[in-house]
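Have a look at the structure below before the remarks.
Proteins come first, then strands; the chains are lettered A, B, ... in the order of their sequence lines, and each starts at number 1.
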Amino acid sequence: MSSDEIIDNVFDSYLSGPKIFANRDALRIDYIPERLPHREEHLKVVAGVLAPFLRGQRGSNLFVYGQTGTGKTAVVRFVLDRLQSRSEEVGSMARTCYVNCRLVGTQYRVLASLGQALGVDVPFTGLATTEVLSRFKESLSSRRILLIVALDEIDALVKEYGDALLYQLTRLNESLNYGRVSIIGISNDLRFKERLDPRVLSSLSEEEVVFKPYTALEIIDILRERAAVAFQKGVLENSALALCSAEAAKEHGDARRALDLLRVAGEVVEREGSKQVKDIHVVMAQKSIETDRVSTVLRSMPLHSKLVLCGAYILSAVGDKGMVTGDIYEVYQELCVQSKTESLTQRRVSGLINELEVLGLLNTRLVSLGRYGRTKRINLGIPAESIRQVYSDDSWISPLLNYTPLSLRRGSH
DNA sequence: CGTCCACAGGAATGACGGGCGG
DNA sequence: CCGCCCGTCATTCCTGTGGACG
């Protein structure tokens with residue numbers, strides 16, 4: 001069979017197979033649905049805070065807090081959309097602007113996107129931040145605009161750059177003759193408030209909404225709404241849907257996780273050419289999401305992290321469980337010799353081990369062995385097999401997978 | 001009961017690379 | 001295009017520490 005034929009076969013079987021999705025996008029996280037089940041109260045609060053804008057008055061600033069996948073972004077964007085269109089109907093000067101701080105990146109670019117929302121021309125670069133700010137002010141003031149700024153993942157911005165920009169924005173109204181600004185800050189890290197100047201904090205959280213995680217039952221309702229749009233009729237089994245929500249509920253009620261799971265399950269079914277999404281597909285989806293995650297980090301890690309992990313892999317295979325930092329460092333150094341790489345210091349490797357732990361690739365526990373020192377006991381956080389699998393087609397690492405450490409060469413110890 | 005092991009992990013400093021402003 | 005600045009990664013040097021051993 002020629003390559004062309006192979007490809008055509010795949011395409012054909014895809015096209016001729018049963019159709020699973022009606023509108024796959026409805027399961028994506030940036031999709032704004034028609035209804036937001038179990039967020040009626042929050043919608044009311046947010047809409048209430050913003051309502052004064054339609055009468056040309058400034059509403060309060062608002063701080064929205066909640067863990068990932070609790071509907072913060074969806075609720076805020078939903079209300080902003082409605083407000084924008086109502087505002088145009090009644091001819092108010094209220095405008096809205098939504099910015100994801102983490103995606104946009106820097107203070108400058110956040111400010112630039114605010115400017116663009118007003119139609120101000122801001123070059124990608126070249127202007128001082130204060131210059132952008134004053135153009136922004138000028139535009140607000142001259143056109144008497146009431147602007148609602150939603151800053152999503154605001155914690156990322158503050159973590160990187162401090163609260164200087166927020167300070168400017170919260171104080172903007174004092175120096176404006178006409179036009180007003182309100183801020184909606186969205187964060188999933190409550191501790192980030194501690195980093196704020198008290199003046200900024202009190203101004204930002206004039207009003208506050210906390211989004212609690214969804215319960216498993218609530219997630220079922222959400223999935224049902226989305227699934228009705230996303231899937232063809234009769235394709236999705238109820239129990240599969242319930243399983244998705246149960247799994248997501250385990251993870252602090254993360255609706256985003258549930259939607260991902262459901263989408264991937266649908267894709268699994270599509271690929272294998274079956275007609276229905278069943279429990280088994282959800283389980284497969286879960287595995288596939290996890291292995292995807294693991295194999296991307298494993299592949300994208302810097303070389304020395306790979307070598308350290310590889311050392312841990314070798315030691316764990318030897319079975320001599322109870323490896324500690326020193327053991328890994330020793331093997332790591334040998335691996336460096338093998339691959340003709342300069343080795344890093346123990347201090348650094350100790351840091352790398354901590355990073356690997358954060359990624360969930362290693363489990364570590366601080367232990368004291370008394371007379372024999374104080375160190376970290378380390379285990380693999382993922383199956384050894386997945387490490388072997390991913391690294392066996394890495395030309396740098398694969399020759400090292402079967403290396404035998406010197407300490408074991410003569411069979412002693 | 002004090003020692004002292006084998007590290008943990010903080011602070012200061014240096015090398016490097018990439019983007020920004022002029 | 002160049003110099004400057006800033007962030008990241010790494011090194012060096014350091015102080016801290018739980019508990020078995022003597």
Side-chain angles (χ1 to χ4, degrees), chain A residues 101-116 120-136 153 155-165 168 191-192 194-195 296-312 314-316 318 320-381 396-397 405-408 413:
Chain A
C101 300
R102 196 173 49 80
L103 294 183
V104 168
T106 68
Q107 290 196 51
Y108 180 89
R109 287 203 283 247
V110 168
L111 206 43
S113 355
L114 299 189
Q116 274 157 19
V120 183
D121 218 10
V122 182
F124 292 108
T125 175
L127 297 181
T129 316
T130 50
E131 170 63 18
V132 182
L133 188 66
S134 70
R135 287 195 194 180
F136 174 67
E153 308 204 52
D155 44 326
L157 185 72
V158 172
K159 210 178 278 174
E160 288 286 310
Y161 302 97
D163 57 5
L165 179 61
Q168 305 264 22
R191 281 174 312 157
F192 116 98
E194 295 162 13
R195 297 164 165 273
T296 25
V297 280
L298 250 48
R299 259 188 266 277
S300 62
M301 280 193 302
L303 175 64
H304 287 280
S305 298
K306 288 181 182 175
L307 289 172
V308 170
L309 186 65
C310 189
I314 288 170
L315 283 172
S316 77
V318 162
D320 214 31
K321 64 171 179 193
M323 49 177 150
V324 295
T325 307
D327 303 338
I328 291 188
Y329 186 62
E330 220 171 276
V331 179
Y332 158 80
Q333 281 182 307
E334 293 169 26
L335 293 179
C336 285
V337 173
Q338 291 294 310
S339 56
K340 301 192 172 41
T341 314
E342 195 107 0
S343 66
L344 304 176
T345 51
Q346 173 156 337
R347 176 71 187 85
R348 183 61 190 135
V349 168
S350 154
L352 291 180
I353 289 175
N354 285 339
E355 287 171 23
L356 290 173
E357 149 136 70
V358 172
L359 292 172
L361 302 178
L362 294 179
N363 294 321
T364 75
R365 213 180 86 228
L366 213 67
V367 292
S368 180
L369 305 172
R371 185 71 251 275
Y372 304 106
R374 193 163 171 272
T375 181
K376 269 185 168 163
R377 174 148 288 150
I378 299 161
N379 294 304
L380 289 184
W396 262 95
I397 306 291
L406 292 175
S407 57
L408 300 165
H413 187 244

Output the distance between atom [atom1] ([X]) and atom [atom2] ([Y]), rounded to the nearest 0.5 Å.
X       : Y       : atom1 : atom2 : value
N363(A) : L380(A) : CG    : CG    : 8.5 Å
L309(A) : I314(A) : CG    : CD1   : 10.0 Å
L406(A) : Q333(A) : CG    : CD    : 11.0 Å
I397(A) : M301(A) : CD1   : CE    : 8.0 Å

- [ ] Mind listing the closest non-hydrogen atom pair of A312(A) and I328(A) along with its distance?
- [x]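 Scanning both residues completely, I find the closest heavy atoms to be CB-CD1, 3.9 Å.
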
Task: Closest heavy-atom pair and its distance - L298(A), K306(A) - done: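 Smallest interatomic distance, heavy atoms only, reads O-CE, 3.5 Å.
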
Task: Worked check of side chain to side chain contact (heavy atoms under 4.5 Å, CB included) between R377(A) and L369(A) - done: CA-CA 10 Å; R377(A) 174 148 288 150; L369(A) 305 172; 4.2 Å; yes

Please state how far atom [atom1] in [X] lies from atom [atom2] in [N], giving the value in whole angstrom units.
X       : N       : atom1 : atom2 : value
Q346(A) : dA10(C) : CD    : C1'   : 15 Å
E342(A) : dA10(C) : CD    : P     : 12 Å
R377(A) : dC5(B)  : CZ    : P     : 19 Å
L303(A) : dC9(C)  : CG    : C1'   : 14 Å
L352(A) : dC9(C)  : CG    : P     : 10 Å

Open item on the list: Which helical stems does DNA chain B take part in, if a stem means at least 3 consecutive Watson-Crick or G-U pairs with both distances below 3.5 Å?
Closed with: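 Stem segments, range with range: B:1-22 with C:1-22.
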
TODO: Describe the nucleic acid contact of S343(A) in one word from base, sugar-phosphate, nothing, applying a heavy-atom distance below 4.0 Å.
DONE: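 Sugar-phosphate only.
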
Exercise answer: donor-acceptor pairs, residues 344-358 of chain A side-chain atoms, under 3.5 Å, sequence neighbours excluded:
| from | atom 1 | to | atom 2 | distance (Å) |
| --- | --- | --- | --- | --- |
| T345(A) | OG1 | R348(A) | N | 3.4 |
| N354(A) | OD1 | K376(A) | NZ | 2.4 |
| E357(A) | OE1 | T364(A) | OG1 | 2.5 |

Task: OP1 or OP2 of dT11(C) under 4.0 Å from side-chain N/O of T345(A) - done: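 The answer is yes; a side-chain N or O of T345(A) sits under 4.0 Å from OP1 or OP2.
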
- [ ] Quick one: list whatever passes side chain to side chain donor-acceptor pair (under 3.5 Å) with T296(A), sequence neighbours left out.
- [x]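 Per chain and number, T296(A) pairs via side chain to side chain donor-acceptor pair (under 3.5 Å) with no residue.
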
Open item on the list: Would L315(A) and I378(A) count as a side chain to side chain contact (heavy atoms under 4.5 Å, CB included) here? Give the steps.
Closed with: CA-CA 10 Å; L315(A) 283 172; I378(A) 299 161; over 6 Å; no

Kindly give the atom pairs (protein nitrogen or oxygen, nucleotide nitrogen or oxygen) under 3.5 Å for nucleotides 20-22 of chain C.
| from | atom 1 | to | atom 2 | distance (Å) |
| --- | --- | --- | --- | --- |
| dA20(C) | O4' | R371(A) | N | 3.2 |

Task: nucleotides 9-16 of chain B: protein proximity per nucleotide (B base, S sugar-phosphate only, - neither; heavy atom, under 4.0 Å) - done: BB------

Task: With sequence neighbours excluded, residues passing salt bridge (Lys or Arg N to Asp or Glu O under 4.0 Å) with E330(A) - done: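 With neighbours one apart ignored, the set is empty.
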
